[in-house]
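What follows is a short report on a single structure.
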Amino acid sequence: MKSQTNNTFDLIVVGAGASGMIASIKSALENKKVLLLEKLCSIGLKLKATGGGRCNLSNTLDNVEFMNSFGRNGRFMATAIGEFNHKDLITFLKTIGVDTHIPDGFRIFPTTHNSETILNALEKELKRLNVQIEVSTKVEDIIVEDEKVVAVLTQNNKYFSSNVIIATGGLGYPKLGSQGEGHNIAKNLGHKITPLHPAMMPLSVKESWVENCRADTIAKAIIKVDIKKYNKLKLSGDLIFTSNGIRGPVVLDFSREITPLLEKYDEVPILINLTKGMDENQILNHIKKQILNNPNKTLLEHLNTLIPNSVILEFLKLLDIDKNISFAKIEGIKKDKLIKLLAWTPLTITGHDGFKKAMITRGGIDLKQIDPNSMQSKLIDGLYFCGEIVNLDGPCGGYNLQWSFSSGWLAGKKSSDL
């Protein structure tokens, strides 16, 4: 074992994901001696997989809109976002040799669209600043005396510091990150952990017809929960049918609401509007207009101006309607059912693949026990948290990665102020 002098640091950061790396860099920029501990064999593995490897870093929303996108907990991040928002991130990345751009006017990417560009630059900066990095090092405990941090215990060593940042992330993709160690340590130190749910993931449905619609993306679909108590839960975006369910950006975002409900109910009924928000009257008028302009076309040809053929064919099978018949010749009851089905398609969510396929975790360390102005624990002096480990999660589009960078930057700064 090394001597205590060699094992003493101004700051120890546990977890080398996005938040842990930038916290280490910020502290080292303040001329602090920093140790970065990572249990995996390499740093930044989850960052490397972000956005399918393209690394959607952030987005261009102003600070208030950005925070509002996180729901009622969003205001907690006011100081962190104020210290380090998307503009600051772009500037910082430029200083370490990474150029970014905004190809769709909203989402921010490295110009290479390759997450390794970000990871390599961060790793290079860590080394330039002489941050000591220890990989394949699992933290067993954080030693606290008189409600103050004094040391970190690993499976092979003991490191001393009066400042420790826990940045171990959530439970999503456990092979690339946390399996709950950070939550367990925080809990053992007296912190409350809110219920943890997998989020940002595909969902499985009971209905088998979706399997025949896998080739098509439904643009601007609207999903809402068909339970009276939760019928205000609604979201719009692109949807894709799969062999056993639904995915796509709107599903990834909406899964944040669905996974907690699946723990209360065996199944969650939802309604999907596949016609870009058109109601029954608008759909009927659209069909009539198509018939007026193209009277010789079949029902299938008239309806495919609304939704893809694959979906129409399944709807017609469900209602026992001949695809070659004209709209006028459909019996009244079936016609009404078809219009209703086009306006709001019912599906039944039955499950998901759990944390192994979850991009983020919903829930985490209770925000009431963390100082939002520093990310320091309100219970233990010198203990800080940042990133996904806390009870904050946002939608797709760079929100969660920006939060990791912002909270890591703030924790790195405030833990180095003394």
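Heavy atoms only: backbone and side chains are in, while hydrogens, waters and symmetry mates are out.
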Kindly indicate whether the side chain of [X], heavy atoms from C-beta on, has any atom under 4.5 Å from the side chain of [Y].
X	Y	result
V311	F241	yes
L379	H191	yes
S416	K26	no
I43	L126	yes
F254	L233	yes
N273	D279	no
T137	N156	no
I96	L122	yes

Decide if the gap between the ring center of [X] and the ring center of [Y] is smaller than 6.0 angstrom.
X	Y	value
F70	W403	no
H86	F66	no
F315	W209	yes

| task | Kindly determine whether E257 and V225 satisfy side chain to side chain contact (heavy atoms under 4.5 Å, CB included), including the steps that lead there. | result | CA-CA 9 Å; E257 308 291 353; V225 173; 5.7 Å; no

| query | Would Y384 and L410 count as a side chain to side chain contact (heavy atoms under 4.5 Å, CB included) if you check the C-alpha gap in whole Å, the side-chain angles of each, and the deciding distance to 0.1 Å? | reply | CA-CA 10 Å; Y384 298 78; L410 179 62; over 6 Å; no

| query | Parallel, tilted or perpendicular for H113 and H101, by the 30°/60° rule? | reply | perpendicular

So which heavy atom on [X] is nearest to which on [Y], and how close?
X	Y	result
F109	C55	CD2-O, 3.7 Å
Q402	I81	CG-CD1, 4.4 Å
L342	T275	O-CG2, 3.6 Å
A186	I193	CB-CD1, 4.3 Å
E314	C213	CG-SG, 3.7 Å
N244	V210	C-CG2, 4.4 Å

| request: Evaluate side chain to side chain contact (heavy atoms under 4.5 Å, CB included) for I165 paired with S415, printing each intermediate quantity in order. | output: CA-CA 8 Å; I165 297 175; S415 61; 3.8 Å; yes

Working to the nearest 0.5 Å, report the span between [atom1] of [X] and [atom2] of [Y].
X	Y	atom1	atom2	result
E125	I22	CD	CD1	10.0 Å
T8	K158	OG1	NZ	10.5 Å
K87	D62	NZ	CG	8.5 Å
L37	I12	CG	CD1	6.5 Å
D88	E83	CG	CD	8.5 Å
I223	L347	CD1	CG	8.5 Å

Please check: side-chain N/O of [X] versus main-chain N/O of [Y], any donor-acceptor pairing under 3.5 Å?
X	Y	answer
N56	I108	yes
T350	E267	no
Q376	G382	yes
T194	G364	yes
S255	M201	yes
N391	D366	no
S161	D10	yes
S404	N400	yes
T361	L171	yes
S406	F84	yes

| query | Would K340 and E280 count as a salt bridge (Lys or Arg N to Asp or Glu O under 4.0 Å) if you check the C-alpha gap in whole Å, the side-chain angles of each, and the deciding distance to 0.1 Å? | reply | CA-CA 6 Å; K340 283 180 166 56; E280 291 180 29; 3.7 Å; yes

Atom [atom1] of [X]: over 12 foreign heavy atoms under 6.0 Å:
X	atom1	result
D104	CG	yes
K323	NZ	no
E147	CD	no
K334	NZ	yes
K368	NZ	no
E145	CD	no

| request: Test salt bridge (Lys or Arg N to Asp or Glu O under 4.0 Å) on K220 and D238 and set out the steps. | output: CA-CA 5 Å; K220 299 180 181 177; D238 292 354; over 6 Å; no

| request: Determine, stepwise, if the pair V205 / T348 fulfils side chain to side chain contact (heavy atoms under 4.5 Å, CB included). | output: CA-CA 5 Å; V205 303; T348 311; 5.8 Å; no

